[in-house]
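The structure appears right after this line, and notes come after that.
A note on names: the letters A, B, ... follow the listed sequences, proteins ahead of strands, and every chain is numbered from 1.
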Amino acid sequence: MADNIRTVKHATCTFCGCVCDDMELTVDMDKKVITKAKNACVLGRAWFAEHHIEDRPAAMIDGKEVTVEEAIEEAAQVLAGAKFPITYGLSDTTCEAQRQAVAITDIIRGTLDTTTSVCHGPSGLAFQGVGESTMSLGEVKNRADLVIYWGGNPAESHPRHFRYAVTPKGMFIPNGKKDRTVVMIDVRKTPSAPVADILIQIKPGKDFELLWALRAKVKGKKVDPKIEEITGVPLSTINDLVERMKNCRYGVLFFGMGLTMTRGRHFNSGALLALATDLNEFTHFVAKPVRGHGNVTGADNVVSWQTGYPFGVNFSRGFPRFNPGEFTTVDTLSHGDADAALIIASDPASNFPKAAIEHLKTIPVISLDTKQTLTSKIAHVAFATATYGINTTGTVYRMDDVPIPLRPAFDSPYPSDEEILTAIRKRVHELILSRRGARGATGEAKVASKQVL
Amino acid sequence: MSLELSMHTPPEVPLEAELLTPDRTVGMDSNAVSGIAIQHGNRQVTVGDFFTVKGKGEGELHLEGDLSRVKHLGSGMSSGSLYIHGDVGEHLGAGMSGGKIVIDGNAGSWVGPEMSGGRIIIKGDAKHLVGSAYRGSAVGITGGEIYIHGNVKNETGHGMRNGLIVAGGNSGDFTGVNMLAGTIIVLGEMGIRSGAGMKRGTIISMHPTEMLPTFSYNCDFNPIFLRLMLRALQSQNFNIEDKQITGKYQRWSGDSVEMNRGEILIFRE
Amino acid sequence: MAAMLRIVNGSIHDPANDIDGEVRDICIKDGKIVDSLPENAPRLDAGGTVIMPGGVDIHSHIAGPKVNLARKLQPEDHRRDPHPGTDYTRSGSGGTVPSTFATGYRYATLGYTTVMEAAVTPLGALHTVEELHDTPVIDKGFYVLLGNNIYLQNLLKEGKQEEFRHAVAWWINRTKAFTTKLVNPGGDEPWKGKRNSNVTDIDEKSDLFNVSPRQIIEAFVKTVNEMGLPHPPHVHCNNLGHSGNYKTTLETMKTAGDLRIHLAHIQFHSYGGEPGKNPDSKAAEIAEYINNHPNISCDVGQVMFGKSTIMTADAPLAYLLRGFNKGKWVNADTECESGCGILPFSYQEHIFTHALQWAIGLELFLLSGDPWRIMLSTDHPNGGSFMSYPKLIRLLMDKTFRKEEIGKVNQKAIAKTNLPALDREYTLNEIAIITRAAPARALSLKNKGHLGPGADADITIYDDQEDKEMMFNAPRYVIKSGEMIIQDHEFTNDYYGRILHTAPAFDEAIAENIRPFFEDYYSIEFDNYGVADNYLHEHEIIPAKNS
Amino acid sequence: MAKSESMILIPGRTSKQGTSLNKGKLKDEYIEVSTTVEMNLDDMTRLKLQEGDQVRLSNEIGSTVVRCKGRKPEDLPAGILFIAYGPPSSQLMGSDTAGSGMPLSKHMRVSVEKVSA
């Protein structure tokens with residue numbers, strides 16, 4: 001019986017974008033394991049239970065163990081010497097680490113991108129095109145009497161999403177789920193289907209057509225009756241949905257990557273956001289992408305406030321430029337542009353398109369990850385880092401842009417992403433300034449001490 | 001005498017060469033042109049580091065070599081002629097207001113984005129977002145002409161407000177998306193969702209296409225302006241059959257989620 | 001940078017210390033202004049310059065959730081205005097909503113060293129603090145939005161004035177705010193809960209809480225004055241932008257009695273005419289009321305022609321404006337706390353309403369009887385970017401220039417105002433008042449806005465030029481807390497800046513009253529809410545009277 | 001001779017993939033999850049496939065071999081395949097992002113054929 005047990009209340013699960021902060025963790029401080037995670041879902045329980053300290057070197061160069069300092073020096077030399085270095089990942093780390101990563105990329109004049117670009121990046125582009133009527137999740141709990149999920153499977157990807165949007169009793173929804181109508185729109189009957197009052201199965205790849213028809217119907221415009229055949233959704237169902245949307249008190253459209261990753265991409269998300277906007281002529285209506293990894297929303301926020309743009313940012317010219325399709329990681333890799341890569345808390349080597357992975361294997365990669373991945377295996381410099389939320393403090397943003405502080409359970413022998421990145425940032429700054437032969441070389445000490453750079 | 005640049009060293013990473021335009025090089029000798037700053041990844045280099053320069057700047061500029069990693073060529077140019085003998089990278093003629101660009105080969109994405117005047121002629125293919133707006137902006141090209149003899153891909157003429165875009169081959173999805181006005185002609189087949197969100201403007205295709213449910217069929221007719229346009233294109237070596245000039249076109253109007261004042265014309269044999 | 005510096009030969013404008021253009025030495029030691037320094041201390045010859053305290057912006061939108069949404073929304077605006085980094089400074093992007101670094105550096109290049117973010121939801125306070133940490137050079141704080149807070153409205157409904165006071169203080173402490181902000185008080189619930197409607201009258205009671213906007217305003221004015229916060233309630237009145245709204249504005253001011261109140265961007269609240277019809281100017285009525293009531297302070301919220309971004313907790317207003325061109329629009333609801341609307345906007349000279357708004361703002365400045373209470377702002381970026389301040393200063397200081405500019409705008413609008421008849425020109429000292437001394441005083445920042453011993457060594461040194469726009473556009477030197485940040489118009493250093501907040505005393509027991517409400521109606525844990533002390537880094541508590 | 005048929009592949013996330021991810025991406029459990037494709041049972045019958053049989057998925061980008069698992073027709077329509085993201089799905093993914101940064105990672109047309117043991 002271990003007696004060195006600690007309880008951490010109000011801890012935060014950073015596995016998915018729900019970022020549930022009501023965890024109660026029981027921690028065996030001797031074994032350094034979390035033995036119980038009260039309130040966690042199936043994903044959260046695994047997230048907490050499986051995190052123990054692995055016995056692997058904190059830093060490696062070309063597969064050989066080195067000191068962290070040596071690895072930092074090598075990483076800084078590679079990054080400062082590169083002509084088109086890219087920084088990628090960042091969704092599974094703290095905002096504090098993300099801030100350092102953007103600083104590094106600014107200093108080395110590299111290209112910065114996050115996993116947003118292969119997740120809800122298209123929704124970000126759609127947002128820039130049409131805007132968005134949106135909300136914090138508590139508004140859905142308190143007010144939403146119509147909840148529509150489109151192209152997502154929260155039961156498996158975000159198992160506790162329903163606790164924000166379907167089941168809870170709220171201020172104006174005293175009976176919880178009984179007071180709401182839940183609609184699920186998808187190409188297949190997913191494990192999320194049982195929660196729905198209305199299930200609409202749509203032909204694959206026809207989301208845009210259905211959204212466009214709904215927009216037209218909401219505006220009272222004529223729609224080609226062939227829509228039924230095209231989308232596989234009966235006209236009566238479409239009409240019924242339109243009436244429900246216009247007549248609800250507070251409606252919400254949640255949408256997943258069934259929209260962003262399919263043909264049409266940002267136009268699919270854009271059509272959905274436009275539909276929610278249109279509905280505000282009749283009632284209060286909001287929409288929200290169901291974002292993925294723990295702190296991908298934090299990455300969007302940090303990159304936006306530091307550069308003005310949410311992802312796909314290039315600093316080659318000494319200031320940020322934004323162009324998805326040019327400065328996003330799948331593109332910089334598959335076009336063969338990148339000549340070095342700093343990959344933080346992400347594994348492009350296992351899930352990117354083949355052409356991108358092939359290029360990644362030809363350039364020096366610096367990786368920071370809590371576990372071994374295909375990316376850390378091919379890395380020139382690989383750091384093992386502490387896990388955010390379990391071993392480190394910091395800030396993460398929930399999918400609705402609400403920031404939440406982390407309460408770690410136990411220490412890790414590995415440094416945090418923030419510590420490694422801060423050290424790399426300081427060193428690349430020295431290297432770049434000395435290359436420029438700048439008077440700023442004396443400025444570095446001052447600047448660093450003021451914590452701005 | 002014109003300026004002739006030929007690439008002697010292929011770039012390791014993308015080159016950005018927005019200063020290489022016929023108007024900006026007027027009056028420069030080969031030394032001066034060699035000294036023009038261009039960007040190689042995150043380093044500033046000069047034209048001479050990558051190109052051999054011959055001749056003198058008199059408003060006509062020739063480039064040759066594999067320029068598929070050279071971006072922003074002809075950006076912002078207002079006059080003169082730029083000839084590229086080979087393939088070229090992204091952002092060709094971005095924001096140009098006048099003059100002419102001719103490409104023997106293929107071009108990357110973003111050909112003539114947000115241009116306001118001038119003419120771009122591409123003998124091969126181009127990729128996405130030809131004559132379009134950049135992200136976040138509602139307005140694409142406001143004038144000028146883009147002629148592409150080969151295929152183009154998605155979002156051709158995105159947010160176009162004026163001008164003409166012609167594709168001799170096929171176009172991708174969302175041709176003329178969110179267009180405000182202007183004309184797009186696709187001689188090959190269009191991808192899906194053409195004209196989505198268009199307010200005004202005309203999209204013309206020689207082949208049947210799947211219409212969005214928010215477009216409605218009006219009539220068949222033989223528009224006179226189109227005869228003139230197609231004859232003009234014929235003279236530019238676009239492959240146009242006589243029956244397409246004299247034949248009838250289906251007129252569809254849309255997009256009803258917007259103003260419904262746009263039109264899509266489909267040749268119907 | 002030496003810890004000591006003596007600035008000599010400059011012409012000093014320090015209205016708080018009654019110094020109007022005298023040539024005197026200014027001595028700096030360890031970041032503060034001191035009486036004297038040893039003779040051998042380093043000197044800066046500032047001959048031919050005008051020296052003022054660093055600027056203080058009392059009302060601007062520079063950080064937090066809504067600002068970041070507006071940033072993300074407009075890549076097209078950033079693209080045309082890049083902000084390159086230097087050896088000392090980070091890069092960023094500009095436009096109407098610059099990135100955080102660009103915001104800090106650009107304020108510094110105008111000689112501003114303190115800026116207040118004027119509207120932050122409690123739930124977004126942590127985000128705001130995080131952004132402020134990345135906003136360099138300037139000292140900064142924020143006002144927390146409480147005027148539509150459901151818990152507080154419930155207390156008012158139940159008549160629990162005492163609990164109300166503790167709860168307000170709790171929220172300020174919990175979020176590390178500087179003061180309270182009310183935006184369209186009472187207007188959120190109809191917006192979110194009643195199909196996008198709004199309150200239209202200050203005495204209209206909500207069905208849900210049975211309280212009117214006036215009662216909310218009254219409660220905050222009373223409570224905040226009792227607490228003695230360094231700045232009174234900062235109020236964005238109901239009916240912003242609507243014709244005839246000056247009546248609401250006058251009623252709001254009357255509601256305060258003789259207690260302190262600050263009215264934000266009062267230009268947007270000085271319109272005559274009938275609702276739904278074209279407005280006319282009521283600048284004279286509003287200015288007169290303010291002139292005669294020393295308890296009232298305000299900032300103007302001047303409209304400047306060109307691009308702007310509407311970003312406001314007044315969601316119904318943003319939706320109304322969106323109706324004009326149906327362009328991109330953001331609505332963002334925050335549970336139990338606030339609404340928010342954002343859209344790109346452009347003020348154009350030829351448009352009647354825009355020209356009228358521009359003229360009304362200038363009228364208010366020129367009719368002001370007390371520069372200590374009518375301060376300079378554009379409600380950045382709502383009326384225009386803070387980058388347009390130099391031009392605005394020239395409009396106030398140079399009547400010839402002003403007449404030329406009046407000639408360029410919609411004359412029907414000008415005919416609805418008294419602007420052409422106003423010949424007043426602001427003096428340098430009056431400019432120093434409305435851009436630094438007055439905001440510092442209104443914020444009770446005893447170490448800001450003046451150059452007397454004990455003040456923070458936040459100093460701006462301008463070349464004395466005839467063209468005041470040029471002059472205020474590019475100070476030769478900017479010193480922040482004794483550090484030379486800009487020298488000969490170039491950045492030579494960076495500076496972190498600190499967060500200014502207040503910490504009024506309250507009964508801790510109130511937290512246990514809030515907790516059950518919170519657990520029922522919020523979506524995060526009570527213990528994870530707000531801004532914990534460890535997030536503050538460098539900060540300063542500006543004392544409240546009762547703390 | 002194995003019959004080949006054109007179908008639409010939808011890669012997505014599953015909770016099993018999520019839980020196994022925490023053990024590590026190089027661990028057996030994760031590898032098993034990401035190398036299993038779900039198929040409509042009627043399609044399986046037509047293609048003479050048994051539960052657990054190996055199938056080759058291929059398109060113009062590349063090909064990969066995965067094990068198949070049956071799903072009831074009401075849960076997964078005919079002609080649709082579902083797989084958890086992972087290295088096998090990468091093999092089939094094109095890299096053209098159409099100026100968006102996003103490769104088409106769902107609804108990929110692939111041809112399916114049984115791999116004889």
Go through the steps for A:D401 and A:N301 under the test side chain to side chain donor-acceptor pair (under 3.5 Å), then give the verdict. CA-CA 8 Å; A:D401 295 315; A:N301 273 302; 2.9 Å; yes
Chain A heavy atoms under 4.5 Å from C:Y521: which part of the residue, side chain, backbone, both or neither? both
Just by distance, with hydrogens left out, do A:Q98 and A:Y397 show a side-chain donor and acceptor under 3.5 Å apart? no
Will you find, in the side chains of C:Y107 and C:S60, an N or O donor that is under 3.5 Å from an N or O acceptor? yes
Between C:R90 and A:D106 (salt bridge meaning N to carboxylate O under 4.0 Å), is one present in this structure? yes
Contact class of A:V130 relative to chain C, heavy atoms under 4.5 angstrom: backbone
Hey, which of C:A332, C:G327, C:A63 has the most heavy atom pairs under 4.5 Å with chain A? C:A332
Under 4.5 Å from any heavy atom of chain C, what part of A:C95 do you find: side chain, backbone, both or neither? side chain
Charged tip of A:K219 within 45° of A:F282 ring normal and under 6.0 Å: no
Is it the backbone or the side chain of C:E337 that comes under 4.5 Å from a heavy atom of chain A, or both, or neither? neither
Partner chain C: residue of A:V302, A:T393, A:V19, A:L137 with the largest heavy-atom pair count (under 4.5 Å): A:L137
Salt bridge between C:K328 and C:E76, side-chain N to carboxylate O under 4.0 Å? yes
Atom group of A:Y164 that falls short of 4.5 Å from chain C, counting heavy atoms: side chain
Side chain, backbone, both or neither: which part of A:K246 has a heavy atom under 4.5 Å from chain C? backbone
So which part of C:F526 gets closer than 4.5 Å to some heavy atom of chain A, the side chain, the backbone, both or neither? neither
Using non-hydrogen atoms only, which part of C:L343 is less than 4.5 Å away from chain A: side chain, backbone, both, or neither? neither
Is A:T134 close to chain C through its backbone or its side chain, or both, or neither, when contacts mean heavy atoms under 4.5 Å? both
Have A:S136 and C:E335 got a donor and an acceptor in their side chains that come within less than 3.5 Å? yes
Can we say C:R71 and C:D77 salt-bridge, meaning some charged N sits less than 4.0 Å from an Asp/Glu carboxylate O? no
Counting only heavy atoms closer than 4.5 Å, note whether C:P84 contacts chain A via side chain, backbone, both or neither. both
Most chain C-contacting option - heavy-atom pairs closer than 4.5 Å, from A:R407, A:R321, A:R317: A:R407
Could you tell me which portion of A:R398 (side chain, backbone, both or neither) has an atom closer than 4.5 angstrom to a non-hydrogen atom of chain C? side chain
Among A:D300, A:T395, A:L273, which has the most heavy-atom pairs under 4.5 Å with chain C? A:T395
By a 4.5 Å heavy-atom criterion (distance strictly below it), what part of C:C336 contacts chain A: side chain, backbone, both, or neither? both
What I want to find out is whether C:K66 reaches C:E117 closely enough, with some N-O distance under 4.0 Å, to be called a salt bridge. yes
Is it the backbone or the side chain of A:T12 that comes under 4.5 Å from a heavy atom of chain C, or both, or neither? side chain
Test item: side-chain donor near acceptor, A:E418 and A:T392, under 3.5 Å: no
Go through the atoms of C:K194 and report whether side chain, backbone, both or neither lie under 4.5 Å from a heavy atom of chain A. neither
Can you check whether C:W329 reaches A:T277 side chain to side chain, under 4.5 Å on heavy atoms? yes
Proximal component of A:F315, with respect to chain C [non-hydrogen, under 4.5 Å]: side chain
Lys/Arg-Asp/Glu bridge criterion (N-O < 4.0 Å) met for A:K9, C:E525: no
Matching residue for C:H133 among C:H537, C:H127, C:H539 - test: ring pair (Phe, Tyr, Trp, His ring centres under 6.0 Å): C:H537
Check whether A:D22 gets within reach of chain C through its side chain, its backbone, both or neither, counting any heavy atom under 4.5 Å. both
Considering only heavy atoms, which portion of A:E96 lies under 4.5 Å from any heavy atom of chain C: side chain, backbone, both, or neither? side chain
Taking only Lys NZ, Arg NE, NH1 and NH2, and the carboxylate oxygens of Asp or Glu, determine whether A:R143 and C:E189 approach each other closer than 4.0 Å. yes
Part of A:K169 within contact of chain C (heavy atom distance under 4.5 Å): backbone
For C:I342, which atoms come within 4.5 Å of any heavy atom of chain A: side chain, backbone, both, or neither? neither
Proximity breakdown for C:D527 and chain A, heavy-atom pairs closer than 4.5 Å: both
Check: C:S523/A:R163 side-chain N/O donor and acceptor closer than 3.5 Å: no
Which bit of C:Y529 is near chain A, if near means a heavy-atom gap under 4.5 Å: side chain, backbone, both or neither? neither
